[in-house]
Amino acid sequence: MCQHQPQCPPADAPDREAALLIAFHPEQGWWLLCNGVVIFDDTGELLPDGRSIPARRALCERAT
């Protein structure tokens, strides 16, 4: 997917959020990264294969 040099981390890598931003829609609450990962403003993620990563911010807010 990525054409950058050096290439962005793949969607299944632990550092996937380090990929370059290619679409930014803060009014809708999401960002699309070069590796196909969609990051939401609540810190949840949607991976290109359809898996979802739960929001970390929601977990932190419940702990306080």
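Residue numbers run from 1 in the order of the sequence given.
The two residues Arg51 and Asp12 come nearest to each other via the heavy atoms NH2-CB, 4.5 Å. The minimum heavy-atom distance linking Cys8 with Leu20 is given by the pair SG-N, 3.4 Å. When all heavy atoms are compared, the tightest approach of Ile53 to Leu47 is CD1-CD1, 4.1 Å. Here the shortest heavy-atom pairing between Ala19 and Leu33 reads O-CD2, 3.7 Å.
Both Val38 and Ile22 belong to a common hydrophobic cluster when Ile, Leu, Val, Met, Phe, Trp and Tyr are linked at side-chain heavy-atom distances under 4.5 angstrom.
Here the CD-SG distance, from Gln3 to Cys34, works out to 7.5 Å after rounding to the nearest 0.5 Å.
Each ring pair (Phe, Tyr, Trp, His ring centres under 6.0 Å) pair with one or both residues in residues 6-27, not counting sequence neighbours, appears once here: Phe24-Trp31, His25-Trp30.
Between the side chain of Asp42 and the main chain of Ala55, no donor-acceptor pair closer than 3.5 Å is present.
Side-chain contact between Val37 and Pro48 is present, with at least one heavy-atom pair separated by less than 4.5 Å. A heavy-atom distance below 4.5 Å is not found between the side chains of Asn35 and Pro10.
With sequence neighbours excluded, no residue forms a side chain to side chain donor-acceptor pair (under 3.5 Å) with Asp15.
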